[in-house]
Amino acid sequence: MTAVPDQPGGDAVRAAEELSRLRHGLRTPLAIVLGFAELLQADEVDDATRRDYARRILEAGTELRDIIDSAPVE
Amino acid sequence: MGVRLVVVEDHEALREGLKLLLGREGCEVVGVASNVEEGLGLITGLAPDVALVDIRLGGDDDGIALTRRALEADPGRRVVLYTGATDEELLFAGLDSGARGYALKDGTPSELMEAIRSVAAGKIYVDPRLRRALLSRRITQRVGVLSPREREIMDLLAQGLTGEAVAERLVLSSETVKTHIRNAMNKLEATTRVHAIAIALREGYISPPPAGDGT
């Protein structure tokens with residue numbers, strides 16, 4: 001990546017880009033949580049499948065937590 | 001019959017979840033891919049009714065570039081872009097690439113199905129959360145804007161050439177020309193070719209034929 005000289009407002013632009021990346025990053029694991037929760041709720045599932053869905057929800061939840069933890073405070 | 005679907009998504013769990021959820025909703029997921037090259041191969045090889053394509057496919061892979069390449073190869077392909085990003089610029093880039101649908105990942109499965117069914121039926125779909133942006137930026141006009149090739153073909157039709165003659169002039173197959181005309185008619189919401197030409201002229205997408213050329 002090429003360094004871009006600082007310009008007035010550059011911090012705000014970077015912050016907006018970071019926020020956009022963060023929001024996008026959150027939505028994929030969120031979609032997984034919602035999708036598999038819906039499958040779990042709606043389908044007649046056997047124990048093995050239920051455990052697999054629960055594992056995927058747990059993994060996506062962990063991913064969400066990691067993204068939130070790594071986000072800049074400001 | 002269900003919609004035949006190819007899913008291009010780099011996140012394995014989401015890919016699997018979409019396959020299960022959309023299968024339950026009556027889609028036939030005929031192929032899944034995780035990157036641009038695999039996705040293009042499936043879209044070309046399986047000719048699905050709709051391709052559901054994530055915009056950010058990891059690394060440098062980009063669903064918008066995939067869409068552009070798929071439509072260059074076959075302008076009749078129908079693509080729904082599926083993304084977590086709500087930026088207006090990405091939305092514009094996505095629609096400009098020729099995608100007919102733009103669905104957000106925080107939508108419900110039934111909203112995603114609505115997007116897929118709409119696009120399969122030849123309509124354009126944009127997630128309801130982004131419609132305000134569409135209106136504010138007059139994107140509705142941009143959606144309707146013809147591609148350079150569509151404009152070129154409509155221009156020749158306006159000059160009185162037949163579809164066959166246009167195909168010959170542009171060294172394209174008749175089928176390709178028909179597809180471009182059909183896409184232009186959909187974008188202009190026209191019911192016939194003549195109607196499409198009239199709208200294209202009125203909106204300034206093409207120029208009136210030169211006076212005195214007999215057409």
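Since the structure is predicted, the reported quantities are computational estimates derived from the model, not experimental observations. Just so we're on the same page: letters track the sequence lines, and every chain starts at 1.
A distance of 7.5 Å separates CD of A:E38 from OG1 of B:T108, quoted to the nearest 0.5 Å. In this structure, the separation between CG on B:L14 and CZ on A:R27 is 13.5 Å, given to the nearest 0.5 Å.
The residue from A:T28, A:L30, A:L26, A:I32 that alone fulfils the side chain to side chain contact (heavy atoms under 4.5 Å, CB included) condition with B:K105 is A:T28.
Taking the side chain as every heavy atom from C-beta outward, B:L21 and A:F36 never approach each other to under 4.5 Å.
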